[in-house]
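Numbers here are sequence positions counted from 1. Keep in mind that what you see is a predicted model, and the values were worked out from it rather than measured.
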Amino acid sequence: MAIHTSIGRVSALAIGAVLALALHSGTVHARAEALVDAPQVVFSSAYMPTQAQVRERIILAGQSLGWVVTREAPGSLELEYDKQNGKHKAAIVVRYDHTGYKIDYLSSHNLNYADAGEGRRIHPNYNRWIRNLMQRISTGA
(Lines give C-alpha, C1' and ligand atoms only; values in the text may rest on other atoms or scores of the structure.)
Protein backbone atom coordinates (compact mmCIF):
# COMPACT_ATOMS: atom_id res chain seq x y z
CA MET A 1 0.00 0.00 0.00
CA ALA A 2 2.87 2.40 0.79
CA ILE A 3 4.34 1.74 -2.67
CA HIS A 4 0.99 2.46 -4.34
CA THR A 5 0.61 5.68 -2.34
CA SER A 6 4.03 7.01 -3.32
CA ILE A 7 3.40 6.11 -6.96
CA GLY A 8 0.07 7.92 -6.69
CA ARG A 9 1.84 10.97 -5.24
CA VAL A 10 4.44 10.95 -8.00
CA SER A 11 1.70 10.70 -10.61
CA ALA A 12 -0.25 13.50 -8.94
CA LEU A 13 2.89 15.65 -8.85
CA ALA A 14 3.61 14.91 -12.51
CA ILE A 15 0.05 15.76 -13.49
CA GLY A 16 0.22 18.92 -11.40
CA ALA A 17 3.48 19.94 -13.08
CA VAL A 18 2.03 19.34 -16.55
CA LEU A 19 -1.10 21.33 -15.68
CA ALA A 20 0.97 24.18 -14.26
CA LEU A 21 3.08 24.27 -17.42
CA ALA A 22 -0.01 24.20 -19.62
CA LEU A 23 -1.66 26.97 -17.63
CA HIS A 24 1.53 29.04 -17.72
CA SER A 25 1.82 28.58 -21.49
CA GLY A 26 -1.82 29.54 -21.90
CA THR A 27 -1.30 32.65 -19.81
CA VAL A 28 1.65 33.75 -21.90
CA HIS A 29 -0.28 33.08 -25.08
CA ALA A 30 -3.34 34.88 -23.74
CA ARG A 31 -1.19 37.95 -23.10
CA ALA A 32 0.06 38.06 -26.68
CA GLU A 33 -1.69 39.12 -29.85
CA ALA A 34 -0.66 39.75 -33.42
CA LEU A 35 1.94 42.50 -33.67
CA VAL A 36 0.22 45.10 -35.80
CA ASP A 37 2.54 46.85 -38.23
CA ALA A 38 1.66 50.53 -38.14
CA PRO A 39 0.51 51.85 -41.50
CA GLN A 40 2.41 54.49 -43.45
CA VAL A 41 1.00 57.88 -42.42
CA VAL A 42 0.79 60.40 -45.24
CA PHE A 43 -0.03 63.99 -44.37
CA SER A 44 -2.89 65.67 -46.20
CA SER A 45 -2.11 68.29 -48.81
CA ALA A 46 -3.50 70.89 -46.38
CA TYR A 47 -0.56 70.20 -44.01
CA MET A 48 2.78 70.69 -45.73
CA PRO A 49 5.51 70.51 -43.05
CA THR A 50 9.23 70.48 -43.58
CA GLN A 51 11.18 67.35 -42.70
CA ALA A 52 12.54 69.18 -39.64
CA GLN A 53 9.00 69.95 -38.48
CA VAL A 54 8.00 66.29 -38.83
CA ARG A 55 11.09 65.26 -36.84
CA GLU A 56 10.23 67.73 -34.08
CA ARG A 57 6.62 66.60 -33.99
CA ILE A 58 7.65 62.93 -33.60
CA ILE A 59 10.13 63.74 -30.83
CA LEU A 60 7.67 65.92 -28.88
CA ALA A 61 4.85 63.40 -29.22
CA GLY A 62 7.15 60.60 -28.09
CA GLN A 63 8.48 62.53 -25.12
CA SER A 64 4.97 63.39 -23.97
CA LEU A 65 4.26 59.64 -23.72
CA GLY A 66 7.59 58.56 -22.24
CA TRP A 67 9.43 57.54 -25.44
CA VAL A 68 13.12 58.49 -25.58
CA VAL A 69 15.21 59.01 -28.73
CA THR A 70 18.09 56.53 -28.59
CA ARG A 71 19.55 56.98 -32.09
CA GLU A 72 19.10 59.39 -34.94
CA ALA A 73 20.02 59.47 -38.61
CA PRO A 74 18.68 61.69 -41.39
CA GLY A 75 15.02 60.76 -41.85
CA SER A 76 15.09 58.17 -39.07
CA LEU A 77 14.58 58.17 -35.29
CA GLU A 78 14.93 55.19 -33.00
CA LEU A 79 12.78 55.48 -29.90
CA GLU A 80 12.59 53.38 -26.75
CA TYR A 81 9.76 53.08 -24.27
CA ASP A 82 10.75 51.84 -20.82
CA LYS A 83 7.82 50.85 -18.61
CA GLN A 84 8.56 50.36 -14.90
CA ASN A 85 12.33 50.95 -14.96
CA GLY A 86 13.33 48.17 -17.32
CA LYS A 87 10.58 45.67 -16.52
CA HIS A 88 9.02 46.13 -19.97
CA LYS A 89 10.73 47.80 -22.95
CA ALA A 90 9.98 48.39 -26.60
CA ALA A 91 12.22 49.86 -29.30
CA ILE A 92 10.94 51.20 -32.62
CA VAL A 93 12.24 53.06 -35.64
CA VAL A 94 10.30 55.95 -37.14
CA ARG A 95 11.23 56.76 -40.73
CA TYR A 96 9.96 60.12 -41.87
CA ASP A 97 10.13 62.85 -44.48
CA HIS A 98 8.06 65.94 -45.28
CA THR A 99 5.16 63.79 -46.57
CA GLY A 100 4.65 61.53 -43.53
CA TYR A 101 6.13 58.77 -41.40
CA LYS A 102 6.20 55.01 -40.75
CA ILE A 103 6.72 53.23 -37.42
CA ASP A 104 8.35 49.77 -37.33
CA TYR A 105 9.10 47.36 -34.48
CA LEU A 106 12.78 46.87 -33.63
CA SER A 107 12.91 44.91 -30.38
CA SER A 108 11.36 44.43 -26.97
CA HIS A 109 12.06 43.07 -23.52
CA ASN A 110 9.55 41.14 -21.44
CA LEU A 111 6.64 41.73 -23.86
CA ASN A 112 6.18 38.08 -24.92
CA TYR A 113 7.45 38.76 -28.45
CA ALA A 114 7.48 35.68 -30.66
CA ASP A 115 7.99 35.23 -34.38
CA ALA A 116 6.49 31.84 -35.10
CA GLY A 117 4.54 30.15 -37.87
CA GLU A 118 1.45 32.13 -36.91
CA GLY A 119 3.29 35.42 -37.43
CA ARG A 120 4.76 37.91 -35.02
CA ARG A 121 3.02 38.14 -31.64
CA ILE A 122 3.51 40.53 -28.74
CA HIS A 123 1.87 41.73 -25.55
CA PRO A 124 -1.24 43.83 -26.33
CA ASN A 125 0.29 46.86 -24.59
CA TYR A 126 2.82 47.26 -27.42
CA ASN A 127 0.09 47.77 -30.01
CA ARG A 128 -1.65 50.22 -27.66
CA TRP A 129 1.59 52.18 -27.11
CA ILE A 130 2.06 52.50 -30.88
CA ARG A 131 -1.56 53.61 -31.43
CA ASN A 132 -1.14 56.23 -28.69
CA LEU A 133 2.09 57.49 -30.24
CA MET A 134 0.52 57.74 -33.69
CA GLN A 135 -2.47 59.60 -32.28
CA ARG A 136 -0.19 62.02 -30.42
CA ILE A 137 1.91 62.66 -33.53
CA SER A 138 -1.28 63.28 -35.53
CA THR A 139 -2.65 65.79 -33.01
CA GLY A 140 0.68 67.59 -32.75
CA ALA A 141 1.31 66.66 -29.09
Side-chain angles (χ1 to χ4, degrees), residues 2-141:
I3 293 174
H4 186 285
T5 303
S6 63
I7 291 174
R9 285 186 187 156
V10 170
S11 295
L13 288 174
I15 291 170
V18 168
L19 286 175
L21 182 60
L23 289 173
H24 175 71
S25 297
T27 301
V28 169
H29 230 316
R31 298 301 294 168
E33 64 184 27
L35 187 150
V36 178
D37 287 316
Q40 173 77 31
V41 175
V42 178
F43 300 127
S44 72
S45 58
Y47 178 64
M48 310 262 309
T50 65
Q51 186 165 332
Q53 288 171 322
V54 175
R55 175 191 170 276
E56 190 66 19
R57 192 170 188 156
I58 293 166
I59 291 171
L60 290 174
Q63 287 174 341
S64 73
L65 294 170
W67 291 89
V68 175
V69 176
T70 58
R71 183 174 294 160
E72 183 172 358
S76 175
L77 294 165
E78 289 185 16
L79 304 175
E80 183 176 270
Y81 184 73
D82 183 349
K83 182 77 170 171
Q84 299 178 344
N85 295 321
K87 187 173 180 185
H88 307 285
K89 287 185 179 183
I92 59 173
V93 60
V94 185
R95 292 177 182 84
Y96 63 93
D97 62 19
H98 68 282
T99 64
Y101 66 93
K102 171 87 170 92
I103 297 173
D104 290 308
Y105 172 88
L106 283 179
S107 65
S108 60
H109 170 72
N110 206 19
L111 289 175
N112 301 332
Y113 176 80
D115 190 356
E118 60 205 35
R120 298 181 307 163
R121 300 185 62 76
I122 198 159
H123 193 284
N125 284 348
Y126 171 82
N127 289 326
R128 184 173 48 83
W129 296 340
I130 297 304
R131 281 191 308 271
N132 290 343
L133 178 59
M134 291 177 69
Q135 182 178 28
R136 193 63 59 94
I137 293 169
S138 294
T139 60

For this session: Return the minimal non-hydrogen interatomic distance between L79 and T70, and the atom names on each side.
Result: N-OG1, 4.3 Å
Problem set entry | For the student: nearest non-hydrogen atoms of K102 and P39, plus distance | CD-C, 4.0 Å
Problem set entry | Minimum side-chain heavy-atom gap F43-V54 below 4.5 Å | yes
Exercise. D37 versus R120: any side-chain heavy-atom pair under 4.5 Å?
Worked result: yes
Exercise. Under 6.0 Å from the CG atom of N85, do we count more than 12 heavy atoms belonging to anything else shown?
Worked result: no
Seminar exercise, completed: In short, salt bridge (charged side-chain N to carboxylate O under 4.0 Å, His left out) pairs touching residues 39-52 with sequence neighbours left out are none
Exercise. Between CG of D82 and NE2 of H88, what distance do you get to the nearest 0.5 Å?
Worked result: 10.0 Å
Exercise. Taking all atoms of both residues into account, what is the closest heavy-atom pair of Q51 and H98, and its distance?
Worked result: N-CB, 3.9 Å
Exercise. Under the side chain to side chain contact (heavy atoms under 4.5 Å, CB included) test, which residues partner S45, sequence neighbours left out?
Worked result: none
Exercise. So do the side chains of R136 and S64 get within less than 4.5 Å of each other, counting heavy atoms only?
Worked result: yes
Problem set entry | ring pair (Phe, Tyr, Trp, His ring centres under 6.0 Å): pairs with one or both residues in residues 54-78, sequence neighbours excluded | W67-Y81
Problem set entry | Straight-line distance of R31 CZ to H123 NE2, nearest 0.5 Å | 3.5 Å
Problem set entry | Trace of the side-chain contact (heavy atoms from CB on, under 4.5 Å) decision for V36 with I130 | CA-CA 9 Å; V36 178; I130 297 304; over 6 Å; no
For this session: Flag the pair E72 / R55 as yes when at least one side-chain heavy-atom distance between them is below 4.5 Å, and no otherwise.
Result: yes
Exercise. Considering residues, nucleotides and ligands other than R71, do more than 12 of their heavy atoms fall under 6.0 Å from its CZ?
Worked result: no
Problem set entry | Pairing residues for Y105 by the ring pair (Phe, Tyr, Trp, His ring centres under 6.0 Å) criterion, not counting sequence neighbours | Y113, Y126
Problem set entry | Rounded distance (nearest 0.5 Å) linking atom CD1 of I59 with atom CD1 of I137 | 10.5 Å
Exercise. Sequence neighbours excluded, which residues qualify as side chain to side chain contact (heavy atoms under 4.5 Å, CB included) partners of V93?
Worked result: S76, E78, R95, D104, L106
For this session: Could you tell me which non-hydrogen atom of G100 sits nearest to which non-hydrogen atom of Q40, and how far apart they are?
Result: C-NE2, 4.2 Å
For this session: Apply side chain to side chain donor-acceptor pair (under 3.5 Å) to N110 and list each qualifying residue two or more places apart in sequence or on a separate chain.
Result: none
Exercise. Quick one: are W129 and K83 in side-chain contact, heavy atoms under 4.5 Å?
Worked result: yes
Exercise. What pair of heavy atoms forms the shortest contact from M134 to A38, and how long is it?
Worked result: SD-CB, 3.6 Å
Problem set entry | Exercise: identify the closest heavy-atom pair between L133 and A61 | CD1-C, 4.1 Å
